[in-house]
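Scroll down for the structure; my scribbles are underneath it.
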Amino acid sequence: MFRSTAKLTRQLLQSSRMLTSLSSSSTSAKSRLFPASAAVTYQSWKVAHHLSTAPNNSEHNEYDNNDDILTTPPSRSHVNPWEEPEDMPTSGEWEGCKRGFMKPIQISARGVEILHSPLYNKGTAFKSGERDRLRFRGLLPHRVMNINKQKERFLIGLRELESNIRKNIMLEDLHDRNETLYHRILVDHIEEMAPLIYTPTVGQACQELSARFRRPRGMYFTEEDRGHMAAMVYNWPHNDVRVIVVTDGSRILGLGDLGANGMGIPVGKLSLYCAAGGIAPHRVLPVVLDVGTDNQELLNDEFYLGVQKPRLRGKEYFHLVDEFMNAVRYRWPRVLVQFEDFDSSVAQRLLDKYRHTHLCFNDDIQGTGATSLAGLMGALRAKGEDVNSLGDQRILIAGAGSAGIGIAQVLYQAMLEQGYSETQAKDAFYVVDQHGLLGKERMATLNPEQQAFARDVDSGLPLLDVVKKYKPTMLVGVTAVGGLFTEGLVREMASHVERPVIFPLSNPTTKAECTAEQAFEWTDGRCVFASGSPFDPVEMEDGRIFSTSQCNNMYVFPGIGLGATICGARKVTDRMLYVAAKALAECLTPEDAARGQVFPHISKIRSVSHAVAVAVIEEAIREGINTKVSPDDAKNLKAYVDRKMYYPEYVPLIEKRTISI
Ligand SMILES: NC(=O)C1=CN([C@@H]2O[C@H](COP(=O)(O)OP(=O)(O)OC[C@H]3O[C@@H](n4cnc5c(N)ncnc54)[C@H](O)[C@@H]3O)[C@@H](O)[C@H]2O)C=CC1
Ligand SMILES: CC(=O)C(=O)O
Ligand SMILES: [Mg+2]
């Protein structure tokens, strides 16, 4: 019965897709290019969507179906009280809610197994009826605490800890025990938690991962697994994986080759996918391709847990990646793969190989490019200039690796969209690497992506001399060289420009090209500042206080992943990245810009992800690569995406029946 309904729905969707492409072709060119910004309120992102929260571990559970349109009950607004934000019960009180009900999840786990399953476990929040029903009465202390109380208790313990790494460990322990509470804490306290589970603390967590190893999370693929990967992926216990973040650990933040210890990065990124992007935790999979390491310290470390051999290179490496890519697509045909922290010697090549055949993107190249575009447009707004004047800027990018070239590529495309010619657009860039300015005389040593930004003259000119000679209006750092923007360099820049835009984007904080305090001090408070890792606002000696912004790809990747997976896009296109950047830029309020901020406050990250997802889906529909959103749902995409976003809330559990009478 269910299967045949699924088939019918697919047929209906196919015909509706044709209608979608017809109707979208009649939209005006302007509105197609620049959809209105999604003004999503704080309340609306909190609209709970309990279906998306449903963990998935049983073969016949409706949540198993990859096409979750089929799991949407026809009258959900009737049954789900969270559809009406104004009546939303305070967190944790849903069980006492008089209106509506929350659909339970059927699970195969039994008794104490449930308490040990982080996806289902609610700890002391299990009520007595549920303790009886699920057969673990007596296995928990008597008192029942709701999620708010649990959160309060956890936060007291967390805030007592002195070091961020201890806090990271405490949070990851919770992640391993109770995912709902973990994600709820992230959602409700993202400003405080993001630096603990993501940059900068995740850098140290990776460095110490082997030494502190407690419980596995995610999957590892090694050379020994060649020939087995298509079968191995079935060891993962969840049938509906939507997003994979994969690294080979070769360039973890600005910390270099951390081998298998790099697992902390996919785990941290995917926590943001859940909390900021509204993807349910059972739908994400962190992966390390453990191809060895060239980090001598790890090779010598008796406790290192990864493959203790030099890195696999050449065709063996690419074959291994290929087997992995095909294995995950075989089991989860619509899965989105996010390439993360691959060394630039392979990053672009992998992206070029898979971007047209698999649903994938490279976060460091494309995600960083889109985020930086939004940030630099925000900087123009903060300076009171036209956001469409990018091509009139002199943009100095220090660092010509994945991030530097990714930023240049996305900015270049944006300039063309803004009406600049190719020559005008190219002329706006000065890209410098460790050997100086990229220029024609160095062509033979540059890769094709770098060659596109090589200048005709001054090849190899050192960074400071580029600043002196070309007087950049915008300075972006993606070198992983902490302190590269010296006092002399910043003062030199500020002597030519009224409001210099300074973006030291390298992570973690120790690798930032300069600190916020330095940038404001050396420019006498005139700069517009954003950094890859967070900095506190800066108070000057004269009492002036300056806001800082975090320019980090976390502002776009959760929304890109959410949008691309909700609409079942077949690929991530350049225009999707462009509209993602536009949507992010449009989330900046006039008040933010007036304060000198170039991104919305991090507490708005869920509504930003929502806006980005809506823009990505609209673009997928325009390009004819949406395979899931029906024309009806497309009419009110904002509400549709709202409904699809996971919100961490305890859901009633019932045992899956194995015997029917
Ligand atoms: N804020 C964000 O969202 C993101 C930040 N990043 C950060 O950017 C940094 C670089 O990442 P990738 O581009 O992937 O690394 P990469 O290794 O591919 O590139 C580094 C580049 O910096 C250049 N470089 C090194 N020393 C230099 C010097 N003294 N002067 C000028 N250039 C120099 C290198 O030649 C190379 O071109 C990392 O710290 C990473 O954490 C990366 C992605 C996103
Ligand atoms: C933010 C990020 O992706 C990086 O630093 O690599
Ligand atoms: Mg990265």
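Counting convention: from 1, in listed order, for ligands and their atoms alike.
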Just checking, any donor-acceptor pair under 3.5 angstrom between side chains of Y470 and D458?
yes
I165 vs Q207, side-chain contact (heavy atoms from CB on, under 4.5 Å): CA-CA, chis, key distance, verdict
CA-CA 11 Å; I165 190 69; Q207 287 171 316; over 6 Å; no
Any atoms of ligand 1 less than 4.0 Å from a non-hydrogen atom of G254? List them with their elements.
38 (C), 39 (O), 41 (O)
Pairwise side-chain contact, F361 with V556, heavy-atom cut-off 4.5 Å (strictly under):
no
Around R166, counting heavy atoms of other residues, nucleotides and ligands shown, do more than 12 lie under 6.0 Å from its CZ?
no
Identify each donor-acceptor pair in which a side-chain atom of residues 248-268 lies under 3.5 Å from a protein atom, sequence neighbours left out, and give them as a table.
{"residue": "D248", "atom": "OD1", "partner": "S250", "partner atom": "N", "Å": "3.0"}
{"residue": "D248", "atom": "OD1", "partner": "S250", "partner atom": "OG", "Å": "2.5"}
{"residue": "D248", "atom": "OD2", "partner": "S250", "partner atom": "OG", "Å": "3.4"}
{"residue": "D248", "atom": "OD2", "partner": "Y317", "partner atom": "OH", "Å": "2.7"}
{"residue": "S250", "atom": "OG", "partner": "D343", "partner atom": "N", "Å": "2.7"}
{"residue": "R251", "atom": "NH1", "partner": "L253", "partner atom": "O", "Å": "2.9"}
{"residue": "R251", "atom": "NH1", "partner": "D341", "partner atom": "OD1", "Å": "3.1"}
{"residue": "R251", "atom": "NH2", "partner": "D364", "partner atom": "OD1", "Å": "3.2"}
{"residue": "D257", "atom": "OD1", "partner": "G259", "partner atom": "N", "Å": "3.0"}
{"residue": "D257", "atom": "OD1", "partner": "T293", "partner atom": "OG1", "Å": "2.9"}
{"residue": "D257", "atom": "OD1", "partner": "R311", "partner atom": "NH2", "Å": "2.9"}
{"residue": "D257", "atom": "OD2", "partner": "T293", "partner atom": "OG1", "Å": "3.2"}
{"residue": "D257", "atom": "OD2", "partner": "D294", "partner atom": "N", "Å": "2.7"}
{"residue": "D257", "atom": "OD2", "partner": "R311", "partner atom": "NE", "Å": "2.9"}
{"residue": "N261", "atom": "OD1", "partner": "S210", "partner atom": "N", "Å": "3.4"}
{"residue": "N261", "atom": "OD1", "partner": "S210", "partner atom": "OG", "Å": "2.7"}

Hey, is H435 touching ligand 1 through its side chain, its backbone, both or neither, going by heavy atoms under 4.0 Å?
neither
Tell me: protein heavy atom nearest atom 37 (O) of ligand 1, and distance?
A400 N, 2.9 Å
Contact between ligand 1 and K511 is defined here as a heavy atom of the residue under 4.0 Å from a ligand atom; is it met?
no
Does N553 reach ligand 1 with a nitrogen or oxygen that is under 3.5 Å from one of the ligand's nitrogen or oxygen atoms?
yes
Which residue and atom name correspond to the protein heavy atom nearest atom 10 (C) of ligand 1, and how close is it?
V478 O, 3.4 Å
Do T445 and Q450 come close enough that some side-chain heavy atom pair is under 4.5 Å?
no
Test the K269-Y198 pair against the cation-pi criterion, namely NZ or CZ under 6.0 angstrom from the six-membered ring centroid and within 45° of the ring axis.
no
How would you list all residue pairs meeting ring-ring contact (aromatic ring centres under 6.0 Å, His included) that involve residues 363-382, not counting sequence neighbours?
none
Logged contact type for C551 with ligand 1, heavy-atom cut-off 4.0 Å, is backbone
Identify the closest protein heavy atom to atom 15 (O) of ligand 1: which residue and atom is it, and at what distance?
R251 NE, 3.7 Å
Provide, to 0.1 Å, the distance between atom 13 (O) of ligand 1 and the closest protein heavy atom, together with that atom's residue and name.
A403 N, 2.9 Å
Protein N/O/S count near the Mg ion (ligand 3) (criterion: distance under 2.8 Å):
3
Any N/O of D364 closer than 3.5 Å to an N/O of ligand 1?
no
The protein heavy atom nearest to atom 23 (C) of ligand 1 is G399 CA, 3.9 Å
Closest heavy-atom approach to atom 39 (O) of ligand 1 among N552, N507, D343, T479 is made by N507
Would you check ligand 2 and list the protein residues that come within less than 4.0 Å of it by any heavy atom, ordered by chain and number?
Y198, R251, L253, K269, E340, D341, D363, D364, N507, N552, N553
If you count heavy atoms of other groups shown closer than 6.0 angstrom to CD of E385, is the number above 12?
yes
Enumerate the atoms of ligand 1 whose separation from the nearest heavy atom of L484 is less than 4.0 angstrom.
29 (N), 30 (N)
Could you say whether the N/O atoms of G532 and ligand 1 ever approach to under 3.5 Å?
no
Other residues, nucleotides, ligands: >12 heavy atoms within 6.0 Å of E487 CD:
yes
Identify the closest protein heavy atom to atom 9 (C) of ligand 1: which residue and atom is it, and at what distance?
S506 OG, 3.6 Å
Between H183 and Y646, what is the ring plane arrangement, given parallel below 30°, perpendicular above 60°, and tilted in between?
perpendicular
Does only the side chain of V481 get under 4.0 Å from ligand 1, or the backbone, or both, or neither? Count heavy atoms.
side chain
Quick one: look up the protein heavy atom nearest atom 32 (N) of ligand 1 and list residue, atom name and how far away it is.
D433 C, 3.1 Å
Please report which non-hydrogen protein atom sits nearest to atom 5 (C) of ligand 1, along with the residue it belongs to and the distance in Å to one decimal place.
L505 O, 3.2 Å
Here's a test for you: under side-chain contact (heavy atoms from CB on, under 4.5 Å), which of L336, I560, V616 qualifies with T565?
L336
For residues H175 and E179, report the shortest heavy-atom separation together with the two atoms involved.
O-CG, 3.5 Å
Assert yes or no for the condition that the ring centre distance of Y555 to F599 is strictly below 6.0 Å.
yes
Taking atom CZ of R491 as the centre, report whether more than 12 heavy atoms of other residues, nucleotides or ligands fall under 6.0 Å from it.
yes
Greater than 12 external heavy atoms within 6.0 Å of E517's CD:
no
Applying a heavy-atom cut-off of 4.0 Å, say which part of Q434 lies close to ligand 1: side chain, backbone, both or neither.
both
Considering distance alone, does some N or O of S344 sit under 3.5 Å from an N or O of ligand 1?
yes
Considering only heavy atoms of G401, which atoms of ligand 1 have at least one such atom less than 4.0 Å away?
13 (O), 16 (P), 18 (O), 19 (O), 21 (C), 36 (C), 37 (O)
D363 contact mode with ligand 1 (heavy-atom cut-off under 4.0 Å)
neither
What are the two closest heavy atoms between L505 and E513, and how far apart are they?
N-OE1, 3.5 Å
Test side-chain contact (heavy atoms from CB on, under 4.5 Å) on F520 and T548; report intermediate values, then the result.
CA-CA 10 Å; F520 284 106; T548 59; 4.2 Å; yes
Mind checking whether M554 and I602 have side chains closer than 4.5 Å, heavy atoms only?
yes
Would you kindly say whether H319 and E316 are connected by a side-chain donor-acceptor distance under 3.5 Å?
no
